[in-house]
Amino acid sequence: MKVLVINAGSSSLKYQLYDMTTEKVLAKGRVERIGLDASILTHEVENKPDMREVSEILDHTTAIKKVIEMLVHRKFGVLHSMDEIEAVGHRVVHGGESFSKSVLINEEVKLEIRRLFDLAPLHNPAHMMGITAVEDNLPNIPQAVVFDTAFHQTMPKHTYLYAIPTVLYRKHKVRRYGFHGTSHDYVSKAASHYLKRPLEELKLITCHIGNGASCTAIMNGKSYDTSMGMTPLEGLMMGTRSGDMDPAIVPYAISKEDLTMNEINSMLNKHSGLLGISGVSGDLREVIEAMDEGNNNAKVAFEMYVYRIKKYIGAYIAAMNGVDAIIFTAGVGENSSILRQKVCEDMSFFGIDFDEAKNVVRSSEPRDITSDESKVKVLVVPTNEELIIARDTYRLVLEAIETEKARAEAETFKPSELPEGSD
Ligand code: AMP
């Protein structure tokens, strides 16, 4: 079965086409600047030249049409016909309290995703545009949705509630949801496999450190607590997001700087974090480069970034009464050896015996970066959110086919066909 994975943003759309018999990516690409002038489509296939096309793509329906054209293209394509695409899986950021696992799309699911627009105004409407665009182009194809929040629906009340009047939770669902769930789920399972120990026995702390960043405490394979909250702004310091801060800063800054609600929101999401402190960049590579050249603001930004990851690890060790492994993943977590080293520095109290030589080895496979004797393991596990979306979609479609088969069999079942003597 070939499954197309879509991650739709408001003006962009990323895609990967999987062959699920081998779990191989047949093609991948992105459409950028949808609805703006000069939209760009880039398309990659192994052993074929990369394709880049600039044209006017006014909406998501046209973007999906272009993607399909590219997938069946005589020179750059990988399919003979679009009928070969048998299912589509979508990433959806917010599933609220309604979705604790991936589901196939139907009218009820679409309605619920729309109801959740308020909780993720920048993301869910864009995902919905992606879903509608697939319906417009491939009307009869099964589609599934995989939610960033679903994995964290196991968090207990005392970790997901905010200490504010509960009327806000009851009336408006103000609570902590957590994000990057597909990634935390995937790397925790990969870690259990690598350690050859059942997930149900393990206490894990997964650190998804990319452009956005979050840590999760996982006990018995279930999310117990995570650093992001009602939105992805809470928790760790990120590329351009502030992470945790005193909420009283918001009204204070608004009054002192005469800011609008949009301006303060933009300041906290797009101009804070590494960028806000270093004044250099939200990209850790550039911050480290500036730090190495003697930029003191960049040095402080890096120290804060490291310190806050350390703080969450310490808090989660206390919350779980121990830890078996700490896992680094995503753009920064997988690639920055200096970040991992600084986070794990001076953590021998917890039983971490960090191995600097192992830490600098590069690999696309899960690996251990502690000594063989280390009581607590530190692993680097490459994440793969698209593969999880493809797997969930494939599984849900197969289950639906089986259910339909059983239903059809039950419908055609005639008691007279029973062998004699049966009840
Ligand atoms: P992600 O959001 O997981 O795609 O991660 C993207 C981020 O990873 C980029 O913004 C970079 O800041 C960061 N990154 C990638 N490679 C490195 C590296 N070698 N050192 C530090 N940061 C990196």
Side-chain angles (χ1 to χ4, degrees), residues 5 7-9 12-16 25 28-30 32 42 44 91 93 122-123 146 148 151 178-188 190 206-216 226-228 231-233 235-243 269-293 295 297-299 301-309 327-345 356 358-364 366-367 369 379-389:
V5 173
N7 183 354
S12 71
L13 186 149
K14 288 188 262 179
Y15 63 93
Q16 292 201 2
V25 178
K28 63 178 175 184
R30 62 167 68 214
E32 287 159 290
T42 41
E44 290 172 41
R91 172 192 179 219
V93 163
L122 297 179
H123 292 98
V146 178
D148 278 18
F151 179 63
F179 297 87
H180 296 138
T182 34
S183 178
H184 290 293
D185 185 17
Y186 176 80
V187 300
S188 61
T206 47
C207 307
H208 176 110
I209 317 290
N211 229 338
S214 63
C215 285
T216 299
T226 191
S227 59
M228 282 180 168
T231 78
L233 189 55
L236 299 173
M237 175 173 166
M238 303 176 218
T240 61
R241 292 188 199 128
S242 64
N269 278 289
K270 298 192 179 135
H271 304 279
S272 298
L274 283 174
L275 175 64
I277 298 294
S278 71
V280 173
S281 170
D283 187 321
L284 187 67
R285 285 168 292 197
E286 288 168 22
V287 173
I288 291 173
E289 232 173 78
M291 176 173 76
D292 290 344
E293 283 163 9
N295 182 325
N297 293 335
K299 181 168 176 282
F302 182 67
E303 284 167 358
M304 285 174 70
Y305 191 79
V306 167
Y307 179 70
R308 288 177 177 217
I309 301 172
I327 297 136
F328 285 94
T329 191
V332 176
E334 289 168 34
N335 295 304
S336 179
S337 51
I338 179 78
L339 182 276
R340 294 191 299 261
Q341 185 198 319
K342 290 290 173 194
V343 169
C344 296
E345 211 166 68
E356 288 183 22
K358 285 185 187 169
N359 181 38
V360 293
V361 174
R362 296 187 75 88
S363 163
S364 57
R367 63 190 198 279
I369 53 173
L379 308 180
V380 183
V381 179
T383 192
N384 195 339
E385 288 159 284
E386 288 77 15
L387 178 60
I388 299 180
I389 297 174

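First listed ligand is number 1; within each ligand, the first listed atom is number 1.
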Would you check if the side chain of Glu334 reaches a backbone N or O of Ala330 as a donor-acceptor pair within less than 3.5 Å? yes

In chain-and-number order, ligand 1 lies under 4.0 Å from a heavy atom of each of Gly210, Asn211, Asp283, Leu284, Arg285, Ala330, Gly331, Val332, Asn335, Ser336

Please check this pair: side chain of Arg340 against backbone of Gly333, looking for a donor-acceptor N/O pair closer than 3.5 Å. yes

For residues 179-188, which residue pairs qualify under salt bridge (Lys or Arg N to Asp or Glu O under 4.0 Å), counting only residues two or more places apart or in two chains? Asp185-Lys189

Could you pull out all residues at least two apart from Ile288 that satisfy side chain to side chain contact (heavy atoms under 4.5 Å, CB included)? Leu284, Met291, Asp292, Phe302, Ser336, Ile338

Donor-acceptor pair, Thr240 side chain versus Asn269 backbone, under 3.5 Å? yes

Sequence-distant partners of Ser363, side chain to side chain contact (heavy atoms under 4.5 Å, CB included), two or more places apart: Glu365, Arg367

